[in-house]
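Report on the following structure.
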Amino acid sequence: MATQRTFSIIKPDATRRNLTGAINAKIEEAGLRIVGQKRIHMTKAQAEAFYAVHAERPFYNDLVSFMISGPVVVQVLEGENAVAAYRQVMGATNPADADEGTIRKAFAESIEANSVHGSDSDENAAIEINHFFTEDEIVG
Ligand code: CMP
């Protein structure tokens, strides 16, 4: 197994309900280390660029509006097979399908307000980290 990095966002529904610490506890319990973290309020341009891959999807405009509706916490997570490990602890995109013990089962409100984002591949993790972090902001 290899040490990997993945990118995470704690979304506005979770920051609004003061769940950053509770979500970070689940991340750390899963063996992942938070090696970069900052609380930001995304601009519309940042949210549009980040979710550009979904630009043709019917939910794109609502998703962008939601992601700029409040602060988010962007994170770099490091650990063994971090991309897959974080996807496991996040749970399914739709909280109705998420397993017990996952972040989305515990906290998500809906498929849109689903509390967290995590990269879906090693390649996208590198791209997404670069959207929000410089290398000197990541301290392992
Ligand atoms: P995320 O992992 O951030 O990636 C894209 C997001 O789009 C996803 O989580 C969901 O929060 C959001 N989304 C909203 N509606 C849908 C939908 N119908 N199908 C998939 N994702 C959706």
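Ligands are counted one by one from 1 in listed order, and the atoms in each one are counted from 1 as well.
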Does the pair R5/E135 count as a salt bridge with the N-to-O cut at 4.0 Å?
yes

Can you tell if the side chain of P12 reaches within under 4.5 Å of the side chain of V72, non-hydrogen atoms only?
yes

Min side-chain heavy-atom separation I27-N24 under 4.5 Å
yes

The single option from R17, K11, R16 that satisfies salt bridge (Lys or Arg N to Asp or Glu O under 4.0 Å) with D13 is R17

When you look at NZ of K44, are more than 12 heavy atoms from neighbouring residues, nucleotides or ligands closer to it than 6.0 Å?
no

Taking the side chain as C-beta and beyond, is there a heavy-atom pair between F132 and E137 under 4.5 Å?
no

Might you list the protein residues in contact with ligand 1, defined as having a heavy atom under 4.0 Å from one of its atoms, sorted by chain and number?
K11, Y51, H54, F59, L63, T93, R104, I111, E112, N114, H117

